[in-house]
Amino acid sequence: MAIYMINGGVGKHIAFTALIDKLAEKGEVQMMTAYPDVFRHHPKVKASYSHEEPGLYDRVPRDTDIIFREPYYSPFVFAKTHLLHEWAKLLGIEYEGELPQWHSCKKWYREAKEVIKKIPKKKFIIVQFGGGQSPYDVNQPRIFIPQGQRRAYPLNMAQDFINQFTKAHPDIAVVNYSMVNEEYSHLGGCCVLNTAYWLYPELLKASMGFVGIDSSLQHMAAGVGVSGVVIWGATGPEQFGYPIHGNISNTTNHHMRPLCARFGDNKNADGSMWVDRDILSTAVSVEKLMEVTEAMLDMKLDKEETKGIAEDDCDCDDDCGEDCKCKGA
């Protein structure tokens, strides 16, 4: 029996779910993590433990293999491969472009439907312009400055985008994924729901898409097959992204990666590279962000309601906590 241990943020944990099917072919999969809810309802994860669970090691059989492989301490740091490619190699499996998998349950689905009722308009998009904070810190009485400023979209430009978007689309609400103690939560013209992060995958299913940075929202969206727009700065989609999204960076021709692009295809039609490392010092213009967001909406204007939970998702009707009947945690 093996327990896979992960450190890091929510997005990194969700990304790891892309590897679970391959790991399950090697044997039983259990997880030890700061975010057990990410894995709690995955059909191929037998148990999902919290790092901080009291008496955890007294409950785990002594012959258990505890496996920890950290891709941030590997050749991945040279930014030549995708995070999941290097992580898979460290774990002895092959990554072939699989997307993350998010599995919900009936209780979460019901709760998400109630949260959606708080959104002032039937149609909505979800935005995330800053990241790096644990969602468990939501009640910290402080203003949070996102980690990795080069990943964040400038606050004034984010506000300008929201102003332009709401003027162009008065029938579409903007839901701000930011937590209440983040400076980005104060953006005008949008609503902050202040709800659990594990409900957002269902909100994404009901949305018109998302606009965000390289952070947890883009991993969640990939996990439920919802495409959106990702703004790249200090990092690139060849490291952390997915071809399901429209990935944009401040290249000279402002190329939008096609939503149907093949994984690993980083070139424009003329053969030029669309990812430019000079983007680290400048941000994608608001005009360009509006342009690619409009392109996303053009593909989704006929979408009216949530997809609902998938048939293979957990039937758990309990509180999904320590006594959750669907997972022997």
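In this chain, residues are counted from 1 in sequence order.
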Item checked: Test log, rule ring-ring contact (aromatic ring centres under 6.0 Å, His included), inputs Tyr95 and Trp87 -> CA-CA 8 Å; Tyr95 178 62; Trp87 215 343; over 10 Å; no

Checklist line | Flag for Thr17-His42: side-chain donor and acceptor within less than 3.5 Å | finding: no

Item checked: Distance, nearest 0.5 Å, that separates OG1 of Thr81 from CZ of Phe76 -> 6.5 Å

Checklist line | Joint cluster assignment, Leu90 & Ile20, ILVMFWY side-chain distance < 4.5 Å | finding: no

Checklist line | Main-chain N/O of Gly241 paired with His82 side-chain donor or acceptor, under 3.5 Å | finding: yes

Margin query: If we count only N and O atoms by modelled type, under 3.5 Å, do the side chains of Gln30 and Tyr49 hold a donor and an acceptor together?
Written below: yes

Next item on the list: Step through the shown structure and confirm whether more than 12 heavy atoms of other residues, nucleotides or ligands are within 6.0 Å of NZ on Lys118.
Entry: no

Notebook entry, point to check: Any donor and acceptor pair, going by atom type alone, linking the side chain of His103 with main-chain N or O of Arg40 inside 3.5 Å?
Noted result: no

Notebook entry, point to check: For Phe68 and Met32, what are the C-alpha separation, side-chain angles and deciding distance, and is it a side-chain contact (heavy atoms from CB on, under 4.5 Å)?
Noted result: CA-CA 10 Å; Phe68 176 70; Met32 186 183 298; over 6 Å; no

Check: If you take all heavy atoms of Pro71 and Arg69, which pair is closest and at what distance?
Finding: CD-O, 3.3 Å

Item checked: Ion pair Asp21/Lys44, N-O distance below 4.0 Å -> yes

Next item on the list: Supply the atom-to-atom distance Thr293 OG1 to Phe165 CZ, rounded to the nearest 0.5 angstrom.
Entry: 7.0 Å

Notebook entry, point to check: Can you find a pair of side-chain heavy atoms, one from Leu203 and one from Phe210, that are under 4.5 Å apart?
Noted result: no

Note to self: Check this for me: does any side-chain nitrogen of one of Lys117 and Glu114 sit under 4.0 Å from a carboxylate oxygen of the other?
What the structure shows: yes

Next item on the list: Can you see which heavy atom on Asp37 is nearest to which on Trp108, and at what distance?
Entry: O-CH2, 3.5 Å

Note to self: So which atom in Ala18 and which in Glu98 form the shortest heavy-atom distance, rounded to 0.1 Å?
What the structure shows: CB-O, 3.5 Å

Notebook entry, point to check: Taking the six-membered ring for Trp, are the ring centroids of Tyr242 and His219 within less than 6.0 Å of each other?
Noted result: yes

Checklist line | Spacing of Lys22 atom NZ and Glu25 atom CD [to the nearest 0.5 Å] | finding: 7.0 Å

Check: For the side chain of His245 and the backbone of Gln218, is there at least one donor-acceptor N/O pair under 3.5 Å apart?
Finding: yes

Next item on the list: Start with the C-alpha distance between Val175 and Tyr177, add both sets of side-chain angles, then the distance that settles side-chain contact (heavy atoms from CB on, under 4.5 Å), and finish with yes or no.
Entry: CA-CA 6 Å; Val175 173; Tyr177 178 72; over 6 Å; no

Next item on the list: State the CG-CD1 distance between Leu19 and Ile93, to the nearest 0.5 angstrom.
Entry: 4.5 Å

Checklist line | Nearest-0.5 Å distance that lies between atom OG1 in Thr166 and atom CG in Asp171 | finding: 11.5 Å

Notebook entry, point to check: Tyr184 and Ser178: which non-hydrogen atoms are nearest, and at how many Å?
Noted result: CB-OG, 3.2 Å

Notebook entry, point to check: Out of curiosity, Lys121 NZ to His169 NE2, how far, rounded to the nearest 0.5 Å?
Noted result: 11.5 Å

Notebook entry, point to check: Short question: side chain of Lys26, backbone of Leu91 - any donor-acceptor pair under 3.5 Å?
Noted result: yes

